[in-house]
**Q** 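Here it is: the structure, laid out below.
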Amino acid sequence: MVATWNPAAHSGYYLRAAEYYLGGREPAGRWYAPKKDFGLVDGTLVERPTFERLYAAVGPDGQTLLPKGARHENRVPAFDMTMSAPRSVTLAWAFATSGQKTAIEAAQERAVRAALARLEAEAIFARRGRNGAIIEPVGLTAALFQHGESRPAAHANGRVFGDPNLHTHATILNLATRADGTVGAIHSKVLRDWKMAAGATYHAALAHELQKLGFAIDRIGRNGTFEIAGVGEAAIRYFSARRAEIEEELAEHDLPSAEASALASAIAKSTRASKSSDTADSREEIWREAAAAIGINPDSFHDALRAKAEASAIREAEALLADRLTRLPDELTEHDSVIDRRELVRAVTATLVGTGLPAERTDRELDRLLAEQAFIEIGRDTLGNRQYSTPELARIEHEIVDLAQKLAATGPASIDRAALEARCRTDGLNDDQIKAAIAATGPERLVIVEGAPGSGKTTTLLPVVDAYRQAGFRVIGSASAWTIARMLRADLKIEARATRSWIAKLRLGHKVLDDRTVLVLDEAGLVSAREMHTVLAAVERAGAKLVLVGDRDQLQAIGAGPGLALAARAIDSARVETIVRQHDEWAREAIRAFGEGRAETALQAFAERGHIVEAAGPRATIAAMVDAWQGTRHETPGSRALLLAKTNAQVAAISREVRVRRRQRGELRGIDAEIAAATPSGHATTLHLAAGDEIRFLVRNDELGVVNGTIGVVSRIVRNPGLRLPGGSAIRIEARVEGRFISFDPAELADAKGRARLGWAYASTIAGSQGQTVESAFVLADPSFDRHDAYVSTSRARGQTRLFVDTTSIDRHLQAQQPLGRQDTPVKVDSDARRRWLAERLSRANYKRSALAVIEASRSGIGHDSARHHPSAEFSHELG
């Protein structure tokens with residue numbers, strides 16, 4: 001499902017908007033108005049005068065319906081939520097008889113109405129009272145317009161026409177009658193936030209309706225997307241030419257799914273052509289001719305897809321649903337410990353797709369899950385929306401705070417403070433660092449040292465580690481990645497491993513800690529609640545000491561719950577604030593500004609010094625990055641320079657550009673070997689390697705002496721197809737790694753699917769760079785960045801950091817935000833406007849939420865994740 005929200009244009013545009021919806025060959029619209037707001041009758045035809053009048057917020061008497069404060073030219077008159085049937089459903093509709101078409105259209109309408117009913121029940125609110133203090137549920141009114149085709153696009157065989165595309169525009173009026181009889185605007189943010197849940201409801205309802213018609217469902221995806229069984233991918237791709245155009249451009253950006261969806265919408269709006277003026281008969285004739293040309297018989301297509309329902313279908317459906325729901329708590333809390341109601345509704349609804357059960361089962365299953373305490377309600381947000389967690393995670397978070405308090409109260413004997421302070425001053429530590437070092441060697445068994453990136457946290461730890469070692473303690477280290485752990489080992493001269501490696505040993509019962517062990521856990525901000533609980537419990541059992549080192553403002557934990565923030569609820573952190581890494585004071589100030597969410601100030605500082613580079617399009621932006629990177633390497637040979645991007649695919653695109661240039665300069669020797677590989681996120685890819693390539697190992701292999709993140713240089717690729725072993729490769733790679741030579745078969749690094757865990761080492765993700773220090777950095781800054789990405793990526797380099805911005809991507813977004821009547825017209829945007837827009841994105845904070853903070857905030861009436869106090873005994877009793 002695709003949903004869009006369009007701001008209104010000037011008043012003269014209303015008529016043109018009405019013509020778009022009401023004119024042409026498509027069926028007449030129908031009202032969705034169960035609450036009968038504005039005197040409308042649910043299900044009746046949309047008449048032009050009424051639609052135009054309500055679109056303009058005008059009553060039958062010609063007077064505005066809005067109060068004085070809401071009357072302005074820029075108000076949004078309506079929200080256009082578009083619900084598109086899967087392409088296989090559209091094809092079954094396109095090649096059906098008149099009666100069959102009517103049945104599919106009825107299924108589409110019922111699914112749309114089910115989605116709107118879910119929105120009306122959960123997400124339609126209006127404000128009233130002084131400063132909008134009262135937020136109340138209101139009715140939803142929408143005009144439903146069914147359309148049947150996409151805008152014209154070029155197909156694989158050169159034909160140009162609009163594909164069949166069964167979709168419904170639900171034009172939701174930004175008007176509702178409030179409890180006191182006045183009319184007000186609806187709360188658009190809540191409506192937008194429920195978009196995915198509405199989509200899941202639409203998918204579940206449509207799948208149910210189609211299965212009742214005799215179609216089988218398969219290829220079920222996240223949020224309940226599906227296709228009709230029997231419609232091949234080739235047919236779907238051919239009749240999705242417009243989507244292919246958008247995806248081709250979108251692929252160059254490679255954004256996270258939420259950002260990709262927004263950019264896809266922006267591309268669609270800014271590149272659309274006018275719809276065809278052909279008659280209904282001629283468009284269906286075109287579709288049938290196109291189908292025949294690719295080997296589809298349109299006369300038998302629809303009937304061939306019908307499937308007979310089996311007698312056991314109901315029993316199988318219930319078993320399938322029960323299995324999916326059983327897995328749901330673990331799936332939803334894999335990354336988050338706080339689940340908003342809209343996400344829980346979305347997930348439960350999506351489990352219904354393919355079972356043949358109706359979307360109305362959502363409420364029943366949701367009630368059952370809550371009654372069985374698979375999920376528990378933990379509070380409400382500022383708008384009163386329910387929030388949930390699982391009993392397991394709520395217990396874990398509560399125990400983390402209890403353990404942290406207990407560990408902070410007891411511990412080994414303190415290190416001699418005077419001697420430690422003298423050592424710190426000899427080493428040149430600043431006052432912040434000295435205070436943190438003294439705190440880390442106090443009598444508590446748990447200490448937290450937090451600090452800004454580049455504030456010298458590792459330098460602070462050196463005298464701490466030496467003091468404990470001299471006192472007879474064993475000091476071991478831990479970091480988020482093996483490469484950072486190895487840096488700890490080299491810098492602090494201690495045994496160090498990746499945090500997950502230590503945790504795995506602890507969970508297996510290995511004796512890792514005792515009462516003479518000090519564990520220094522670096523990059524603690526990346527540790528999830530479950531991981532933190534394991535570490536704290538092990539430290540408490542062993543009588544060991546734990547020093548957590550990190551920063552809650554940098555990248556957030558991948559798993560559910562902010563482990564460091566939870567531990568910090570019980571004890572105060574020692575802060576190291578003074579940034580010492582960067583040579584220039586302006587750079588240190590700009591980094592602080594990024595960390596505080598003042599991105600506009602930071603970007604201005606970069607722009608004034610020429611450190612923001614604009615280019616048109618992803619390829620040109622990457623080329624500019626590599627140009628600058630090459631220039632720096634030429635000017636200062638041997639200095640470390642990072643090419644940074646957010647996603648693995650962006651990193652791969654940068655690496656490909658580097659390889660092309662290295663090949664052109666003769667730095668790569670021999671013919672490329674093609675290796676089936678897996679990206680760090682587990683996606684399949686083909687890796688091309690030649691002698692001279694810089695490679696990164698993505699898995700630990702003790703026989704080769706490499707860990708995840710180890711970098712090497714290929715010295716030779718040996719091809720021995722005749723010596724290939726079962727499960728092995730036809731090549732061996734010889735490489736220089738950390739001053740030694742190794743030889744390996746890529747199969748030695750393979751995952752469960754036989755794909756080598758190996759990649760190029762020319763660029764890095766921001767996540768992979770945390771903890772590193774280099775001389776210069778070149779950052780692909782795109783709209784998917786948030787405050788944390790900007791903070792980490794701009795703080796890696798001692799010297800110069802440059803930001804590279806794709807103006808095409810930003811201009812697409814800015815164009816999509818224009819009034820509805822001007823979205824087809826290119827927007828003239830200057831660098832200042834782009835920078836202001838980008839600053840808004842880079843100022844967004846996405847801190848991990850904890851269930852405990854929601855519970856306390858809800859009790860105190862705060863309604864957000866800001867409470868930092870120890871949970872009360874009352875909560876312990878509730879969990880019992």
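Along the sequence shown, the residues carry numbers beginning at 1.
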**Q** Val183 versus Phe38: any side-chain heavy-atom pair under 4.5 Å?
**A** yes

**Q** Taking the side chain as C-beta and beyond, is there a heavy-atom pair between Leu357 and Glu318 under 4.5 Å?
**A** yes

**Q** Taking the side chain as everything from C-beta on, heavy atoms only, tell me whether Ile186 gets closer than 4.5 Å to Leu191.
**A** yes

**Q** Give a yes or no on whether a salt bridge exists between Arg219 and Glu233, defined as a side-chain N under 4.0 angstrom from a carboxylate O.
**A** yes

**Q** Considering only heavy atoms from C-beta outward, does the side chain of Asn297 approach that of Phe95 to under 4.5 Å?
**A**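 Not in contact.
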
**Q** One thing to verify: whether Glu122 and Arg386 come together as a salt bridge, which I'm taking to mean a side-chain N less than 4.0 angstrom from a carboxylate O.
**A**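 So Arg386 does not pair with Glu122 through a salt bridge.
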
**Q** Identify the heavy atoms of Gly230 and Asp218 that sit nearest to each other, and give their distance.
**A**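 Heavy atoms only, the tightest pair is N-OD2, 4.5 Å.
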
**Q** Parallel, tilted or perpendicular, judged at 30° and 60°: which one describes the rings of His155 and Phe239?
**A**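 His155 and Phe239: perpendicular rings.
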
**Q** Can you find a side-chain donor-acceptor pair between Asp163 and Ser150 that sits under 3.5 Å?
**A** no

**Q** Arg380 versus Asn385: any side-chain heavy-atom pair under 4.5 Å?
**A** no

**Q** Measure the spacing between CG of Asn174 and OG1 of Thr141 and express it to the nearest 0.5 Å.
**A**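 That separation rounds to 11.0 Å.
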
**Q** Under 4.0 Å between a Lys/Arg side-chain N and an Asp/Glu carboxylate O for Asp363 and Arg118?
**A** yes

**Q** Under a 3.5 Å cutoff, is there a donor and acceptor pairing between the side chains of Glu109 and Thr168?
**A** no

**Q** Taking 4.0 angstrom as the limit, do Glu372 and Arg368 come out as a salt bridge?
**A**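 Looking at Arg368 together with Glu372, the answer is yes, because their closest N to O distance falls below 4.0 Å.
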
**Q** In this structure, are over 12 heavy atoms from other groups packed under 6.0 Å from Lys36 atom NZ?
**A** no

**Q** Mind checking what makes salt bridge (Lys or Arg N to Asp or Glu O under 4.0 Å) contact with Arg288, not counting sequence neighbours?
**A** Asp299

**Q** Determine the minimum heavy-atom distance between Ala350 and Ala200, stating which atoms define it.
**A**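 Reported closest heavy-atom pair: N-CB, 4.2 Å.
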
**Q** Assess, by modelled atom type and distance only, whether the side chains of Gln100 and His302 contain a donor and an acceptor separated by less than 3.5 Å.
**A**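 On atom types as modelled, these side chains qualify, holding a pair under 3.5 Å.
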
**Q** Looking at Glu209 and Gln108, would you say the former's side chain and the latter's main chain have a donor-acceptor pair under 3.5 Å?
**A** no

**Q** With side chains defined as the heavy atoms from C-beta onward, is the minimum distance between Val231 and Phe301 less than 4.5 Å?
**A**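 Contact flag for Val231/Phe301 side chains = yes.
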
**Q** Name the orientation class of the two ring planes belonging to Tyr55 and Phe51 (parallel below 30°, tilted from 30 to 60°, perpendicular beyond 60°).
**A**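 Geometry flag for Phe51 against Tyr55: tilted rings.
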
**Q** Have Thr333 and Thr390 got a donor and an acceptor in their side chains that come within less than 3.5 Å?
**A** no

**Q** CD1 of Ile124 to CG of Leu140: how many Å apart, nearest 0.5 Å?
**A** 4.0 Å

**Q** Are the side chain of Gln211 and the backbone N or O of Gly356 linked by a donor-acceptor pair below 3.5 Å?
**A** yes

**Q** For Ala241 versus Ala154, what's the shortest heavy-atom pair and its separation?
**A** CB-O, 3.5 Å

**Q** Going by an N to O cut-off under 4.0 Å, is there a salt bridge joining Lys101 and Glu284?
**A** yes

**Q** Inspect the contact between Arg87 and Glu227 and indicate whether a charged nitrogen and a carboxylate oxygen are less than 4.0 angstrom apart.
**A**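 So Glu227 does not pair with Arg87 through a salt bridge.
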
**Q** Heavy atoms, side chains only, cut-off 4.5 Å: are Asn157 and Tyr238 in contact?
**A**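 A side-chain contact under 4.5 Å exists here.
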
**Q** What closest approach, in Å, do Arg178 and Arg127 show between heavy atoms, and which atom pair accounts for it?
**A**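 Scanning both residues completely, I find the closest heavy atoms to be NH1-O, 2.7 Å.
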
**Q** Check this for me: does any side-chain nitrogen of one of Lys35 and Asp37 sit under 4.0 Å from a carboxylate oxygen of the other?
**A**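 Salt bridge absent between Lys35 and Asp37.
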
**Q** Could you verify whether a donor N or O on one side chain and an acceptor N or O on the other, from Asn223 and Thr225, lie under 3.5 Å apart?
**A** no

**Q** Does any part of the side chain of Gln146, heavy atoms only, come nearer than 4.5 Å to the side chain of Glu105, both counted from C-beta?
**A** yes

**Q** Considering all heavy atoms of both residues, which atom of Thr171 and which atom of Ala78 are nearest to each other, and what is their separation?
**A**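 Shortest heavy-atom separation between Thr171 and Ala78 comes out as CG2-CB, 3.7 Å.
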
**Q** Looking just at side-chain N and O atoms, do Tyr388 and Glu343 make a donor-acceptor pair shorter than 3.5 Å?
**A**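 The criterion, which ignores hydrogens and geometry beyond distance, is not satisfied for Glu343 and Tyr388.
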
**Q** As a quick check of understanding, evaluate salt bridge (Lys or Arg N to Asp or Glu O under 4.0 Å) for Glu377 and Arg341, giving each step before the final call.
**A** CA-CA 9 Å; Glu377 183 177 334; Arg341 179 170 174 81; over 6 Å; no

